[in-house]
Amino acid sequence: RFAPSPTGYVHVGSLRTALYNYLFARHTGGVNILRIEDTDQTRYVEGAVENLLRTMEWVGITFDEGPVHGGDCGPYTQSERTDIYRKYADELVANGKAYPCFCSAERLDRVRKEMQAAGQPPMYDRHCRNLSADEVKAKIDAGEKYVIRLRVPLGETITFTDLIRDDVSFESKTIDDQVLLKSDGFPTYHLANVVDDKLMKITHVIRGEEWLSSTPKHVLLYRAFGWEADMPKFAHLPLLLNPDRSKLSKRQGDVAVEDFKTQGYLPQALVNFVALLGWNPSDTQEIYSIEELIASFDLEKVNKAGAVFGREKLDWMNAEYIRKMSVDELFPIVKPLADARGYSVSDEYLKKVITLMQERVRTVTDFVDFSSYFFKAPTEFDEKSKAKNWNADAVERLTELLPKFNELTDWTHTNIEQVVRTYAEAKGISAGKLIHPIRLSVSGVGMGPSLFELLETVGKDEVLKRIEYALSVLK
RNA sequence: GGCCCCUUCGACUAGUGGUUAGGUCACCACCCUUUCACGGUGGUUGCACGGGUUCGAAUCCCGUAGGGGUCACCA
């Protein structure tokens, strides 16, 4: 299962967790479940679930059960299951595995500070752990607010097996008496997660490494409920890291999947890239279709160490995917981008642009951002190229070349090239002496696709207009 | 700070006792070439450190160092 909290955007780390759950479920013929963990009312964000669903669809991750997919273990949204958690929390209190705690936030705060000052790890001092039944009843009758805490057994070693890290052990004395049910009646992550995993028959918990140190609490909960036999297998994925090796965060760059979409990354490329961060099928292949990822996915081959989310390889991979796509596949993606920039050209024209730019872009937005000269005449000219290629000779030659272009009735790149080369030969100069100034005057920049195809695509009239304009404004 | 996890080129990684430590990205050089790309060829760079075990250690063990995560009525 993938069990995100709907707090806004989808983090690429979440994307990878979702992806690994998906790959694992598909590889093993299992069931992929989506569960919405919205037990924190204060963090509710309007539209977050819709955004999540849209994102999952964009990257191609599908679910068999979930809030909109249905299933036998619903509802799949935790805020709709509060009665269930309450019932299980009560059960734990009834058999002594948990207890009500009436401590105020202020007292908790003070206790933590005192412990820290004393050089101790900040933990709850278990003040309410041994209240008598009468005391509890009196406080509840008096209307005092309370939470339910897990009665963590003292002096035990809790060991569990992680599919990626093998056995991991914790001393129970280092584990806090975790709050299970908040005073607003909502469960904490720990309770809701364990109860739902059990009720939804979850076999494998695949989540980020930040949960590793919470896992003994979950193991304790399974024991408290007597569900040890049904405990899922755990797999804690290595974290995705910033370039400075801290946990990948918004502060150091883009982390939202939707950011990558707007920046022109293809979902296949993003999925391919993220899949290979922390896992590798161990051969020399780099480009994998989703089917290939499913076929070779193996949890036990997931790395232990965190992986830096480096953009360079993502850029390369995205470019690789763009190059492999057909123009007709690219067109529906590029078209809206061109429209959004107000470039109104025919479909045929846009397809030509795509063809010429395909090997030169890294993202799909580059198609429109690096090729503005296909859509409008340049008004500025690259200084470097100007300094290198524009001089009195160039002006004279272009002025002479202009009528020859004008005489050309069949405006194809081969004909244009012939005109240019014939003229260069007659003048006893290299074709480059013409090509570079023409490129500059027509595109305004010193780089780009094959000049002759560029000229053909832009069209004869427009080319003549641009060269005349450049001759008039460039010195 | 306590606890837990981790450590192969700048980045992602292959490697499970015997390899000239391999691949990809990035970088550099050269080739191709009208530019930029693409493509091709070649190259620089790495087993954190110190002890063991062993005929032999990137691989096994123990330390040290470094990095990270976590210690909420957030997930």
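To find a chain, count down the sequence lines: A is the first, B the second, and so on, and within it residues start at 1.
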Nearest to the A:Pro121 side chain among B:G1, B:U13, B:U34, which nucleotide is it?
B:G1

In whole angstrom, what separates A:Arg323's CZ from B:G39's C1'?
10 Å

Assess whether a salt bridge exists between A:Asp83 and A:Lys87, defined as any Lys/Arg side-chain N lying under 4.0 Å from an Asp/Glu carboxylate O.
no

Between A:Leu248 (CG) and B:A11 (P), how many Å, whole number?
16 Å

Are any of the side-chain nitrogens in A:Lys324 or A:Glu320 under 4.0 Å away from the carboxylate oxygens of its partner?
yes

Output the single nucleotide from B:U35, B:U70, B:C4 whose closest atom is nearest the side chain of A:Leu212.
B:C4

Are A:Asn389 and B:U35 close enough that a side-chain N or O sits under 4.0 Å from OP1 or OP2?
no

Any A:Thr188 side-chain nitrogen or oxygen under 4.0 Å from OP1 or OP2 of B:C74
no

Say we look at B:U64 and B:C30: how far apart would their C1' atoms be, to the nearest angstrom?
46 Å

Just N and O in the side chain of A:Arg43: are any of them under 4.0 Å from OP1 or OP2 of B:C73?
no

Find which nucleotide of RNA chain B each of A:Thr42 and A:Ser246 is nearest to by heavy atoms, and output the residue with the more 5' nucleotide.
A:Ser246

What's A:Leu277 touching, base or sugar-phosphate or nothing? Going by heavy atoms closer than 4.0 Å.
sugar-phosphate

Could you check if a side-chain atom of A:Phe160 sits within less than 4.5 angstrom of a side-chain atom of A:His218, using non-hydrogen atoms only?
no

Phosphate OP1/OP2 of B:C74: any A:Lys182 side-chain N/O under 4.0 Å
yes

Does NZ or CZ of A:Lys198 come closer than 6.0 Å to the centre of the six-membered ring of A:Tyr88, within 45° of the ring's axis?
no

In plain terms, say whether A:Glu400 and A:Lys404 are close enough for a salt bridge, that is, a side-chain N and a carboxylate O under 4.0 Å apart.
no

Please measure how far the P atom in B:A48 lies from the corresponding atom in B:C6, and state the result in whole Å.
15 Å

Choosing from B:G68, B:C3, B:A75, which nucleotide comes nearest the side chain of A:Glu209?
B:G68

Reckon A:Ser169 touches a base, only the sugar-phosphate, or nothing at all at heavy-atom distances under 4.0 Å?
sugar-phosphate

C1' atoms of B:U16 and B:U8, separation to the nearest Å
14 Å

I need the CZ-C1' distance between A:Arg165 and B:U7, as an integer number of Å.
13 Å

Expressed as a whole number of Å, how far does the P atom of B:G46 sit from that of B:G10?
7 Å

With a 4.5 Å limit on heavy-atom distance, are the side chains of A:Arg360 and A:Phe370 in contact?
no

Check whether any side-chain N or O of A:Lys304 sits under 4.0 Å from OP1 or OP2 of B:G69, and answer yes or no.
no

Any idea which of B:C5, B:G69, B:U34 is nearest the A:Arg421 side chain?
B:U34

Under 4.0 Å between a side-chain N/O of A:Lys433 and OP1 or OP2 of B:U35, yes or no?
no

Whole-Å P distance, B:A37 and B:C25:
15 Å

When you get a sec, tell me which of B:U70, B:A37, B:C73 is the closest nucleotide to the side chain of A:Arg360?
B:A37

Within less than 4.0 Å of OP1 or OP2 of B:G10, is there a side-chain N or O belonging to A:Arg245?
no

Of the candidates B:G69, B:A75, B:C3, the side chain of A:Leu239 sits closest to B:G69

Each nucleotide in nucleotides 22-32 of chain B should get exactly one letter: B, S or -. Can you fill that in based on protein heavy atoms under 4.0 Å?
-BBSS------

Reckon A:Val168 touches a base, only the sugar-phosphate, or nothing at all at heavy-atom distances under 4.0 Å?
sugar-phosphate

B:U33 -> Watson-Crick or G-U wobble partner, both distances under 3.5 Å, gives none

If you count the non-hydrogen atoms of other residues, nucleotides and ligands that lie under 6.0 Å from CD in A:Glu425, is the total more than 12?
no

Take atom CD1 of A:Ile164 and atom C1' of B:G69, then tell me their distance rounded to the nearest Å.
15 Å

My understanding is that a pair needs two contacts under 3.5 Å, Watson-Crick or G-U wobble. By that rule, which nucleotide pairs with B:U7?
B:A65

Just call it for A:Lys384: base, sugar-phosphate, or nothing, with non-hydrogen atoms closer than 4.0 Å on any strand.
nothing

Does A:Gln418 CD have over 12 foreign heavy atoms under 6.0 Å away?
no

Counting the benzene-type ring for Trp, do A:Phe260 and A:Phe309 have ring centres under 6.0 Å apart?
yes

Could you tell me which nucleotide pairs with B:G2 by Watson-Crick or G-U wobble geometry, both distances under 3.5 Å, or answer none if nothing does?
B:U70

Sugar-phosphate only, base, or nothing, as touched by A:Phe309 at under 4.0 Å among non-hydrogen atoms
nothing

Residue A:Pro122, side-chain heavy atoms: nucleotide from B:U34, B:U13, B:G1 that is nearest
B:G1

Is the A:Phe234-A:Trp211 ring centre distance short of 6.0 angstrom?
no

Using a heavy-atom cut-off of under 4.0 Å over every strand shown, decide if A:Pro243 touches base, sugar-phosphate, or nothing.
nothing

Tell me what A:Gly278 touches on the nucleic acid: a base, only sugar-phosphate, or nothing, going by heavy atoms under 4.0 Å.
sugar-phosphate

